[in-house]
Each structure stands twice: as C-alpha cells, then as structure tokens.
2 protein chains.
Amino acid sequence: MRSADLDRVRSLPLFSVMSDELFKTVTSGAFLQKFPAGTTLLTEGDAVDFLYVLLDGGVELGATWNDKETTLAVLRPVSTFILAAVVLEADALMSAQTIERSDILMLSGEALRRAMKEDTALACAVAQELSGCYRGLVRAIKNQKLRGGLERLANYLITQKVRQGGGETFTLPHEKRLLASVLGMTPENLSRAFAAIADYGVVINGPQVTIARPAVLERLAKPDPLIDNHTLPTTAPIGKAQRERWPTAQTRSPS
Amino acid sequence: MRSADLDRVRSLPLFSVMSDELFKTVTSGAFLQKFPAGTTLLTEGDAVDFLYVLLDGGVELGATWNDKETTLAVLRPVSTFILAAVVLEADALMSAQTIERSDILMLSGEALRRAMKEDTALACAVAQELSGCYRGLVRAIKNQKLRGGLERLANYLITQKVRQGGGETFTLPHEKRLLASVLGMTPENLSRAFAAIADYGVVINGPQVTIARPAVLERLAKPDPLIDNHTLPTTAPIGKAQRERWPTAQTRSPS
DNA sequence: CTTGTTGATTGATGTTTATCAAGAGGCCAA
DNA sequence: TTGGCCTCTTGATAAACATCAATCAACAAG
C-alpha cells in the first residue's frame, strides 16, 4: 500500500489518536483494493468482517425491501463505513456499491475490536465517530418525515451550494437517478420537482444548477441547523473531535 | 436515591462494565427526579448537560420543523437517551417529553466523558450502545422510505405481538395519536389503516388488537430481520453485548 | 346530571406521489 | 453510421396521503 494512502487513513479522526505501533498492528492485516464502478462490496444481511475506508471514488449505501430500493447515503473520500456492524460483530443492514472506480482500504474488524479494548483513546474516537453517524441519521429521518419532496430538494440544493463554496452555480455530484433515490422519490418525480423549483429562481442545465434568487429558495426550503448540516467546507482536517461526522458529510480529499 | 434504582442502572450494559469506584464517581453527581406526564425534559437545540436514564414511565423523543411534528422513538424503562449528544458535547437534535409519570436519572455528561477516557471497557460499551442505536435508526429509515403506511402498521403490529409474548391478542402500548406519529402518518390515516387492515384478519377493539390470521397479515407485512427487530422479549438482562440495542427496543422493566 | 375536553372515527375533498407509457437526447460499440 | 442502451423528461392516470369538518364516546370537573 502506498504510504500516501496510509497517511490519508492516519489523518482520519478514528486513526489519528492511535499510537504508531497500534496503527501498524491494525493496518498490518489490511489491504487496499481498486474496484470498478458498480461493484457490490457488501450486500445487506452479509456478515461484516472488515471496516471499509473509501480513499478515492464514491460509494452508495443502499437498502432493499420487497423489490423496492433506496439509497441511505453517498460517501465521498475519505470516509469509513459499516463501523457499527464491525463494532457489534453483526450483519450488515445496508448494501454498499461503488458508483465510480474506487480505492478502498479494508481493515480487519477483528483487529479493530481488539485495538479498541486496548486503547481508550481509540475506543473514544470510535464512540465519537458513531455519535456523529447517529446524529446524521437523526437528521435524515427528520428530513424524510417532516418535509415533502420539493422541500427536500430545495434543502439539498442549498447544502450543495454551501459545500461547493457558496458560488451562484454548482454541479450536481451524481446522476439524477441516484439523487432521486437519496431524496426518497422516483426519478420521474425528481424531474418534476426540478421543473417546479424553477419558480423559486433555480435554473437547471444538465448537471449545472444556478440559484438565481437564494432568498426566494430559502423561503421555500426553510433550512434548519437541526436538520441540515451545512458546515463542511472546512479546510482543516478536524477542528475538534467535536464536529458531527456522518459519512456523506465527510471531509473532502484533504490535499 | 434508592439503591434499587441504582441497581437497575448498574445492570444496564453501559454501566455493568464499570468498576465500582468509577460507577460511584459517575453517579455521585447524579440525581433522580420524578416528572409528571407531559413534561418537556429537553427541547431540540438545547445544550445537553446530562445523560438521561429512564427508570420508570415513558418518554417520547420527537422533532419539529415548520410547525410539523413527528415522533422518532418511544422509550420504555430501562433506557438511556441522548447519549450521542453527550459524547460529542453537542446540542440535542430531538426533544424529549414524558408521556407518563416518569422516574428519570440524570447523570453528569461531563463526568461520563471523563470516565470514558479513563476506562476502556466503558468506552467500548458506549461504542456498542451507540452502534445499537445507529442500527436502530437505519432500520427506522428503511421502514420509512421503503414501506407504505399500511405496511408499516402491519409490521408494527407483528412486532408488538412478538414483544408481548406472541399471544393472539395484545394491547397497544400508547395512544393511537402517538402511534400515528411514530408510524409517520396522521391520526386520521391511522384510523383508516386500522379499518383497512381488518381485511387481513386483524380485529381492533379500543386498545386491544387481535391477529386472527397471522399468516395473512404476514403476507401483507413481509417482515424482514434487516428492518424489524422482533428479538426482544428476552428475559435475561443482556445475552451478550452483541445484541442490537435501540432505545425503543430496550429491555423491559426487569422485575 | 350537565358541561367541556380529549381522543378516535368517518366522510368529503384536494394535494402529493407513484406508476405506466412514450419520446428525446447522449453514448458506446459493432 | 447505425443500433442498442441508458438517462432524463413529459404526460396521463391511479394510488396514497393530508386536510378540513363533523360526529361520537369516554371521562373529569362543576
């Protein structure tokens, strides 16, 4: 494994607190793998043997029931995933699939669990990471249960705008098909929602989105810090271990 | 505080791993309070200074946006809540309100955070608890995004039946008004759903529910271990630290 | 007993969302 | 270039869900 990749892992809050030797122990049995787009890394119900770390590319976490499918999160580097299942040694509740060619580091779950028992700082870091993930899910449920489709889209656009620097125009990071699944609607309905949101000063041009009248859009979206996590274009790797961290909200590739 | 209450706290997975002295330290600054029904313990956005432990009664965790309200979970004894906010020293994302007269133990969040740093076993227990909570939320989102209202009700009824011993008839644990909020629908719609589910062999009589033809109801509900957590009428306090623990799924009053 | 309150139910109606179907445009490989 | 495939879009229709209004039963307070 390239040392640059190791450094990126090391800079994650989870691993930055570990001693060098423990880090070596945990990563010794690890391997880095490259996957093409569309690869299923994990299917819901599978036993989970590894903690995954997305170093490059993109991963969708999804779930299925009764021939319906939905997306729970889209991950960008650098993110860990299925930490909760690793901690509990439980089966996965979500499936994971690459959406682009991706570099993924796989760490032995067993080794991580052992390391937690020996290193309080690591165990605390895991607890903090899980807390951040938990709060991200609380936000997601509130978003889903309290808002309608158009409102979810409006808030999504505002969040994207902030995360991409706050400029008037930005680019949708995924296919609209996938976005629809994230937002909990059908692709057809997302199309109509995009058409409807034009009335609020949003201009769509393929993947390019321009928010012409932010004030008008905000009056529709009513963004709320208790639901939307706008705070993530921070440049520093980690301000404090305080900040809420949820997969989809992870620090962008730091370099 | 009564020693019986302390014992109940001690038997929680979170606290059973602590040494006696550490447990004393953490609980020394704690106080037990009795609240009448309908008391707001915490409003979303509030700073969180305490870890709460519900010893008796019931608590609703809810959230609000734009004059709409929804229930994220209903807790029964013995349950802890807002652990994630305590770990991150963050503001609450949910409100907490008693739904009955309740006994609630409040532990200093500060003390708990300090204890985590000193006791690996505690930090690991917190990580496991949070993992369980996280997975509970994953289940909740899947339930919400993948199923329709009638399906959610059907699965709720099956879950209640199992948790109450599996008999043909059982009692709804809350007002229907609250149940509707948990299931993500209006009270009116829940009423209609109850009427509709009669076709599947479910007889409603006030709060009494009889599932006359379980097989028929299951064909509608299609319960799935990756969404529904049926496994909780266990008598033992804790089988292993393995079992998934989510507030609403907490061990019932042990005595 | 009467009154007021609250939760539950039912009906009528409108909105939101899903489904089915069709077509436009881009992209890749033969 | 052509044909096939995919995404996105649009329209027509149906199902699901919310809202508004009214009624009823249960219950507590006067």
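Small disclaimer: the values here were computed from a predicted structure and weren't measured. Sequence lines set the chain letters: A, B, ... in the order given, protein chains first and strands last, and positions in each chain run from 1. The analysis underlying the following values was restricted to heavy atoms, covering all of them including side chains, and did not include hydrogens, waters or symmetry mates.
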Sequence neighbours left out, cut at 3.5 Å: what donor-acceptor pairs do the side chains of residues 205-227 of chain B make with other protein atoms?
from	atom 1	to	atom 2	distance (Å)
B/Q208	NE2	B/T171	OG1	3.3
B/T210	OG1	B/T169	OG1	2.8
B/K222	NZ	B/R219	O	3.3
B/D224	OD1	B/L226	N	2.7

Figure out the CG/C1' separation between A/L190 and C/dT19, and round it to whole Å.
16 Å
Non-neighbouring partners of A/E100 that pass salt bridge (charged side-chain N to carboxylate O under 4.0 Å, His left out), sequence neighbours left out
A/R76
Spacing of A/L179 atom CG relative to D/dT7 atom P, expressed in whole Å
14 Å
Look at atom OH of A/Y200 and say whether more than 12 heavy atoms of other residues, nucleotides or ligands are closer to it than 6.0 Å.
no
Would you mind reading off the distance between A/K145 atom NZ and C/dT17 atom P, rounded to a whole angstrom?
16 Å
Length of the CZ-C1' vector between A/R152 and C/dT17, whole Å
10 Å
Divergence of helical axes at both termini of the helix from C/dC1-D/dG30 to C/dA30-D/dT1 - five pairs an end, 10° steps:
30°
Can you name the atoms? Protein N/O to nucleotides 10-16 of chain C N/O, anything below 3.5 Å, with the distance.
from	atom 1	to	atom 2	distance (Å)
C/dG11	N7	B/R192	NH1	3.0

Which residues pass the salt bridge (charged side-chain N to carboxylate O under 4.0 Å, His left out) test with B/E44, sequence neighbours left out?
A/K142
Within residues 48-80 of chain B or reaching into it, pairs that qualify as ring pair (Phe, Tyr, Trp, His ring centres under 6.0 Å) - sequence neighbours excluded:
B/F31-B/F50, B/Y52-B/F81
Gap between atom CG of A/L150 and atom CG of A/N155 - 0.5 Å precision
10.0 Å
Run the salt bridge (charged side-chain N to carboxylate O under 4.0 Å, His left out) test against A/R152 and tell me which residues pass, sequence neighbours left out.
none
Distance, rounded to the nearest Å, where B/L146 contributes CG and C/dA18 contributes P
12 Å
Taking only heavy atoms on the protein side, list every residue of residues 198-209 of chain B lying under 4.0 Å from any atom of DNA chain D, sorted numerically.
none
Identify each donor-acceptor pair in which a side-chain atom of residues 177-195 of chain B lies under 3.5 Å from a protein atom, sequence neighbours left out, and give them as a table.
from	atom 1	to	atom 2	distance (Å)
B/S181	OG	B/T71	N	2.9
B/S181	OG	B/T71	OG1	2.7
B/T186	OG1	B/N189	N	3.2

For B/D46, check side chain to side chain contact (heavy atoms under 4.5 Å, CB included) against everything at least two apart and list the hits.
B/L42, B/T43
Whole angstrom value for the distance that separates C1' of D/dC17 from NZ of B/K68
11 Å
Between C/dT9, C/dG7, D/dT9, which nucleotide has the shortest distance from any of its atoms to the side chain of B/K176?
C/dT9
A/S102: what forms a side-chain hydrogen bond (donor to acceptor under 3.5 Å, both in side chains) with it, not counting sequence neighbours?
none
Rounded to whole Å, the CE-C1' distance (B/M185 to D/dC17) equals 10 Å
For B/K34, which residues count as a side chain to side chain contact (heavy atoms under 4.5 Å, CB included) partner, sequence neighbours excluded?
B/R101, B/D103
What is the distance from CG of B/L153 to P of C/dA8, rounded to the nearest Å?
14 Å
